[in-house]
Amino acid sequence: MIPLENFLLLSAALFAIGFYGVLARRSAILILMSVELMLAAVSINLVAFAAYLDPEGLTGMIFAIFVITIAAAEVGLALGIVLRLYRERQTANVDAADELKW
Amino acid sequence: MGMEQAWLLPAIPVALFVVVALFGRFLPREGDWLVIAGMAATVVLGLLVILDFQGYFEGSAFAPAGENHYAFEWAAIADVLAIDFSTYVDSITVVMIAVVTVVALMVMVYSVGYMHGEARYGWYFALLSFFTAAMLLLVVSGNLLQLYLAWEAVGLASYLLIGFYWERQSAAEAAKKAFITTRVGDVGLLIGIILLWRASGTFEIQEIIALAQSGGFDETYLTVAMLFLFAGAAGKSAQFPLHVWLPDAMEGPTPVSALIHAATMVVAGVYLVARMLPVFDTVLVARDVVLYVGLLTALMAATMGLVASDIKRVLAYSTVSQLGFMFVALGAGSVTAAMFHLFTHAFFKSLLFLGSGSVIHATGRQHVEQLGGLWSKMPVTGWTFLVGGLALAGLAPLAGFWSKDEILYAALSEGGAFVYVTLAATAALTALYTTRLVLLTFFGAPRDSSAHAHAHESPRIMTLPLLVLATLSVVAGVVAFDGVGELLGFAGGIGYLVFTEKAHAFEFHPDIAGAATAASLLAVAAGLVYWRGAAERAARAQAWAPELHRMLVERYYMDHLYQAAVDRIVLGLAGIVAWVDDHIVNRTGVDGGAQGIGYAGLRLKFLQTGRIPNYALAMALGIVTLALVAFGAS
Amino acid sequence: MLRRLPLPSQFDRIIITGGLVAGVALAPLLLVLLVLLAVDEITAPEFVFWLVAAIVVGGALGTVLLPNIVYAALSLVATLLGVAGVYLLLGSEFLALAQVLIYGGGVVILLLFGLMLTNATDDPVVTDGSQKPFAAMVGLLLAGVIIAAAYDATWGGSELAATSLRAFGERLFGDFMVPFIIIAVLLDIALTGAYVNARRERAPAGDDQEASS
């Protein structure tokens, strides 16, 4: 039998890797991909908890469905923003968007 | 209908104030008719209150005190503080209601003529309505806090009306002076109210009186509290040393002077002391202070009135002096005499002010050196002014005679010979300066021919109030007699009207009255002989005692003294405060802080890259730290 | 003639190379796991778990480390498919299916479109940000914290229960119907927003006429 901790370990590793990607990458597309990794990590967590701890309710799995849906929405929206950025700056590099310091 | 509806007395004018102030410009004639109609309704209502108070509707003699105290809760803070909004009608209130409503109505009617064509005509009437509301609220108040509210409201109305011609520098200055000077007294009043509340736990006047009479206060404490209270009264009623604002307040429109600075607001102090007199009776030191302050003021103001050349200023000094008379009566413990004099004085003094307004309206001059010879030109104004003047001088059988006689009697029986003699001398001075005023204004050769040529009698809307007030000035005194009062349906004369507890019939004292009348007649005769209507003789008086004359004209240098005090002390302190503000607060605190932050920003701004990944990293560090902290804590 | 031969295109080559690299990398692990399985050190599900975990983590590392964007994207596909395997292991076939359909079929394609539309230059290689070392440090710290927390806590059940698709469906469309609808609306709004954001503003009509005339 696979212990629950194994899934948590996997999820933590995936989450940290995605986190690193968000912080380290420069391309907006790659940052989006890293965010997908983090979301997947969270989904693994949710499903694992649902399967081990809540076999009657399955709430975690349902939330995983929601996460997948929202991830799809997020990607669509974010890509719109990236395209916009690209049109304004001719690059998808997030370092180009530094108007926070004026 | 009656005492229970006393709250309507202030409610009607204040509602009309709101209406006219906001919508007056859309109304025909800017809404003056609305204000006057409301005032007339208030007069009728006031009459109903008075009749109810006199037991007219029950057929019995008097409504006992306490049964006409109506209140609803206004504000309450747990068990600490409960303030009611209450009305309380007693004999003093009744006199005040009669005076305020009648004089206010007369002044409003008069103003229709006097203010005709002025700018801000509707605003003027709105203010008059507001003032009347505040004054009526003041006199029907059953508790001190509510009274204080109304007290400040009349102060505000007075400020606005004195500064009505605010385009004129002197008017704005005078308004400011009146407001600040009375504010000095008002602070005293507030301190007094708080002191009384602290010791008694209540603002209700009747409860405080009951507690004082049962000896519930520490005597020294109560003395201090009552002196603070009197400071407020002295400020409002222009008593020494806070009298300096009233003569300057004459910058306002003349009807305003008649209403506020002769008949109503300035007697608020007298009213307050009269209302609290049972408490003053338990601390005689404070009562003596009232007496001697009143005496000093009466004498000082009368001497200043002797040399003033502005017709309205003479009347202002006269008002200050007469208020001093009332305080002397109160200091002697006689509410009857004080309220009686307040009653009669309100009529003849507002008559004199309105008469002077009529003269100013006709000639455009208000210095007696430029007037004269108006008797034939303005017969109604002249005659009514003469009646008012004689009433002021205290000649029988006009109103002023009876009330002054009462005060002199109270002064003699309670204050002793010194007070009596001084007061009688002041009364003689009053007769003298009144004679001077009437002679210089109406008789002799006209000294400004152009003004004289254009002079004409005022329109009927202005002379009508003069005639009404002149009539009242003649007959107001005789209500003192029991028979007259009974004839009118009251239970008795002014003694009954004003003093319910130990109803004391008016007594005529031939010896005192005789002496006073003789002194006044003598003074009038001296004035007649001396001036004979010629202003040059006044100039000769100046030459006769230049130092004295100068001192009087300069108002005993009081204004200079205050100015110097303000210059030295206040400006000195202000300089120190300004230095602290500039160097410590501003340069070190504000500028220093700003520069420090600016420097820190200069050094730290490289942290702000504007790049989102950097911010995300910082956020991540924060999250990790939080997680570590939470992990460590568990 | 040569052109007619079904030679692999560049894209195909990438896939083939990637598969080879992944296979070569996974082979030792597979061998180790097989040995462990043979000596009964691990059970069959655990064998599958470790294999899948290796795919997931390896793909993820590829996603965040590879300099070539296209490689990174394909690597992401591997990860997402691995995650679908994890869902299967956890007994949720429906989720695994949805994961493959939505991520593999939708999200990754969207991302590739994004790549195509934004990388105008032929060179698909991008450099990483200057804060890479800090990012690595923070990532490691975070992983450490989460793993420590996961092992520190005591979890209740240790039995993996099979879930019936029927129960799952009843729960999703029964108790969670309202959130489901809300999610649907959200999706709609998000797509509308994406459209509004990404579309090119039309030039004003006046400019058009000037240009045409």
Side-chain angles (χ1 to χ4, degrees), chain A residues 1-10 12-21 23-27 29-30 32-34 36-37 40 43-44 47-48 51-53 55 57-58 61-62 64-66 68-77 79-84 86-87 90 92-93 95, chain C residues 45-46 49 53 56-57 60-61 63-64 69 72-73 76 79-80 83 86-87 90-92 95 98-99 102 106-107 110-111 114-115 117-118 126-129 131-132 135-136 138-139 142-143 146-147 150-151 155-158 160-161 163 168 171-172 176 183 186-187 190-191 193-194 197-198:
Chain A
M1 210 54 231
I2 312 165
L4 174 60
E5 280 81 3
N6 282 11
F7 288 102
L8 300 184
L9 184 65
L10 175 62
L14 196 54
F15 189 82
I17 291 167
F19 202 69
Y20 164 79
L23 294 183
R25 293 296 206 178
R26 252 181 200 172
S27 159
I29 305 281
L30 284 170
L32 270 181
M33 291 181 186
S34 305
E36 294 305 321
L37 290 181
S43 292
I44 289 175
V47 176
Y52 278 88
L53 305 179
L58 298 174
M61 291 191 188
I62 288 160
I65 290 280
F66 290 164
I68 290 169
T69 322
I70 288 174
E74 171 242 325
V75 167
L77 200 51
L79 277 176
I81 294 170
V82 169
L83 287 182
R84 181 101 186 184
Y86 180 74
R87 255 210 313 280
Q90 275 68 48
N93 191 334
D95 284 358
Chain C
E46 278 182 298
F49 172 80
V56 167
V57 173
L61 284 173
T63 309
V64 299
I69 289 185
L76 177 68
T79 307
L80 294 175
V83 170
V86 173
Y87 290 159
L90 286 166
S92 181
L95 265 180
Q99 173 84 3
I102 296 176
V107 172
L110 255 181
L111 286 170
L115 279 182
L117 287 172
T118 56
V126 293
T127 50
D128 287 345
Q131 57 177 354
K132 208 157 125 180
V138 172
L142 192 67
I146 296 175
I147 292 166
Y151 278 95
W155 308 105
S158 58
L160 185 58
T163 32
F168 182 79
R171 185 107 168 105
L172 179 58
F176 283 91
I183 288 282
L186 176 85
L187 200 55
L191 291 179
N197 236 330

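These values consider heavy atoms only, across backbone and side chains, with no hydrogens, waters or symmetry-generated copies. Each chain gets a letter, A, B and so on, in the order its sequence line appears, and its residues count up from 1.
When side chains are defined from C-beta on, L90(C) counts as touching Y52(A), because their heavy atoms get closer than 4.5 Å. For the pair L95(C)/I68(A), a side-chain contact is recorded, criterion being any heavy-atom separation below 4.5 Å from C-beta on. Counting heavy atoms from C-beta on, the side chains of F168(C) and I65(A) come closer than 4.5 Å. Proximity of L187(C) to T69(A): side-chain heavy atoms (C-beta onward) are separated by under 4.5 Å at one or more points. Between S43(A) and V83(C) the shortest side-chain heavy-atom distance does not fall below 4.5 Å.
In terms of heavy atoms, A194(C) sits closest to L77(A) at N-CD1, 3.3 Å. Contact detail for T63(C) and M33(A): the closest heavy-atom pair is CG2-CB, 4.0 Å. For the residue pair V107(C) and A72(A), the shortest heavy atom distance occurs at CG2-CA, 4.2 Å.
A donor-acceptor contact shorter than 3.5 Å links the side chain of R25(A) to the backbone of V64(C).
Chain A forms the most heavy-atom pairs under 4.5 Å with one residue out of G139(C), A60(C), A143(C), and that residue is A60(C). Interface remark: of the candidates V75(A), V47(A), L8(A), V47(A) forms the most heavy-atom pairs closer than 4.5 Å to chain C. Counting heavy-atom pairs under 4.5 Å between each of E36(A), E5(A), M61(A) and chain C puts M61(A) at the top. Of the listed residues (L32(A), I81(A), I70(A), L79(A)), the one with the most heavy-atom contacts under 4.5 Å to chain C is L79(A).
Contacts of I102(C) with chain A are made by side-chain atoms alone, with heavy-atom separations under 4.5 Å and no backbone atom involved. Interface residue I44(A): backbone and side-chain heavy atoms are both found under 4.5 Å from chain C. When heavy atoms are compared at a cutoff of 4.5 Å, L10(A) approaches chain C solely by way of its side chain, counted from C-beta outward. Contacts of Q131(C) with chain A are made by side-chain atoms alone, with heavy-atom separations under 4.5 Å and no backbone atom involved. For a residue to count as touching a neighbouring chain, one of its non-hydrogen atoms must lie under 4.5 Å from one of that chain's; by this rule T79(C) touches chain A with the side chain only. With a threshold of 4.5 angstrom between heavy atoms, L61(C) approaches chain A through its backbone and through its side chain.
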Is there a side-chain contact (heavy atoms from CB on, under 4.5 Å) between L186(C) and F66(A)? Walk through the geometry before answering.
CA-CA 11 Å; L186(C) 176 85; F66(A) 290 164; over 6 Å; no
Which is it for L142(C) and Y20(A) under the side-chain contact (heavy atoms from CB on, under 4.5 Å) test, yes or no, and what are the steps along the way?
CA-CA 10 Å; L142(C) 192 67; Y20(A) 164 79; over 6 Å; no
